[in-house]
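Here the structure comes first, spelled out in structure tokens, and everything after it is commentary.
Computed from a predicted structure; not experimentally measured. The residues of the chain are indexed from 1 along the displayed sequence. Counting starts at 1 for both ligands and their atoms, following the listed order.
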Amino acid sequence: MRANHSDIGVSRHRSISALLACAAAALIVQTSPLHADEAQPFRLCADPTNLPFSSDSPSQPGFYVEIGQALAQALGRPVAYDWYKSYFGKRTVRVTLLGKQCDAMIGLPRSEDFMGPAVIFSNTFAKEGYALVAAKGQAVGGIDGLRGKRVAVQFASTPQNLLASRDDIQKVTVLSPEEGMQALDQGRADVAFIWGPVAGWLNKTSYNDRYQIELTEGEGLSWDTAIGFAKTSTELRDRVDAVLPQLQGKIGELAVKYGLPTGAPARFGAVPAVATTGTGTGAAVTQVANVVATETKGDAAAPGAEAVGAGKEIFNGTCAHCHGPDAIQSERKIDLRLLRHRYGDEMREKFWTTVHEGRPTKGMPAWKEVYTDEQFDSIYAFLLTVQSESND
Ligand code: HEC
């Protein structure tokens, strides 16, 4: 309900209850420093089942949702939610935020390359990424601290790629952070190098806070997290940036409440090249990219660089999850660097039918409803730059 001063004036002489109502209305007007039309809800897009980040349960709303609530309060606006189960990260952003179903999306990777100019960002409010989980008192501190240890890594993740070339570190492959924590708990691993927020949440909710969790830093290991807006919302973004500093204390408390790794991250050096390619595009493609697809500026001069860059961005945002960042993948069956080796002249045709129709019984989704043919072309252009004769 909205109230303005003339409503209050008229209702004053009517009845006790109207008087009370108008007192309440006056209170709202007084405590809100902003204009009347700004009592419109601050609409957040969030995933209803994504703890520790967000949940539609009012008793445990999650880190992002509570930040949204604090922000709305600081802006003098009520909060409203658009729940959307995110499976395809960028697709969700396109449908919800860019589809104007909400005003802000909390917790996007702050990178110009995330969605291009369509999405703008607030200042950074947290850092998220992979973390080292170990028994308390066992600081690892860097890659050499893992020497001689059994380290649980998630299948096709940056940590797996990072450790792939280290013979002095024993890898225990797991499929999820949950399984990584179990490997640790059951003594099958000494350290788990897994997705930090979920590790922290499980440590808190299932393992009695038994482990210490160190965030890591390095290419593809962690990134800055911010609030995303559609590019037309610069005014709202600026107002959010203006109130963010006063919320930092609260955000710190929330991070602790939800078990998110805090403290200085352990620094990992440059990722070693785990593959070389036949096409000579060099370091740009052998480097393991950031999961959020930081563009490598070095190959900008190459022919078709724009399409390759766009394709790589889609690939790292959606396909890397199964096929590995930058298509670097140790499992031969899903190593897309072997497409030419495998199919020769039929490579393009195989690619085209597989990405359109998928192979549902084998775990490869169909993407024809998700991407345009132009986008498939760009993914293909990117894959051409990483073809190789072998994956070892
Ligand atoms: C949920 C996991 C998953 C995701 C996400 C995924 N794929 Fe796949 N993909 C698979 C699996 C598993 C196979 C192997 C299917 C088989 O055994 O035939 C596959 C096979 C393929 C193949 C055929 C490989 C060959 O040698 O025959 C191509 C091409 C491919 N994927 C492209 C993509 C692209 C492009 C994307 C992103 C738009 C993508 N995939 C996303 C799981 C996935």
A student comparing R359, Q375, H323 should find that the heavy atom closest to atom 21 (C) of ligand 1 comes from H323

Give the numbers and elements of all ligand 1 atoms closer than 4.0 Å to a heavy atom of T318. 5 (C)

So, T318 and Y371: side-chain donor and acceptor under 3.5 Å apart, yes or no? yes

Less than 4.5 Å apart, side chain to side chain, heavy atoms only: is that true for V355 and M364? yes

Relative to atom 24 (C) of ligand 1, which among T353, L336, I314 owns the nearest non-hydrogen atom? L336

Relative to the ring of H323, is the ring of F315 parallel (under 30°), tilted (30 to 60°) or perpendicular (over 60°)? tilted

For ligand 1, does Y343 get within less than 4.0 Å through its side chain, its backbone, both, or neither, judged by non-hydrogen atoms? side chain

Among G363, A327, P360, C322, the residue with a heavy atom nearest to atom 5 (C) of ligand 1 is C322

Using a 6.0 Å cut-off, check whether atom NZ of K250 has over 12 heavy atoms from anything other than its own residue. no

How would you list, by chain and number, every residue that makes a ring-ring contact (aromatic ring centres under 6.0 Å, His included) with F63, sequence neighbours excluded? none

Hey, does F376 sit under 4.0 Å from ligand 1 if you only count heavy atoms? no

Within the supplied structure, the quantity of interest is the number of heavy atoms (other residues, nucleotides, ligands) at a distance under 6.0 Å from Q73 CD; does it exceed 12? no

A student checking ligand 1 against I334 at a 4.0 Å heavy-atom cut-off should list atoms 11 (C), 12 (C), 13 (C), 14 (C)

Under 4.0 Å from any heavy atom of L339, which atoms of ligand 1 are there? 24 (C), 25 (C), 26 (O)

Parallel, tilted or perpendicular: which describes the rings of F53 and Y64, with under 30° parallel and over 60° perpendicular? parallel

Distance under 4.0 Å to a non-hydrogen atom of T354: what atoms of ligand 1 satisfy this? 21 (C), 22 (C), 23 (C), 28 (C)

Going by heavy atoms, is R342 under 4.0 Å from ligand 1? yes

Take atom CD of E374 as the centre, draw a 6.0 Å sphere, and report whether it contains more than 12 heavy atoms from other residues, nucleotides or ligands. no

Under 4.0 Å from a heavy atom of I379: give me the atoms of ligand 1 that qualify, with their elements. 35 (C)

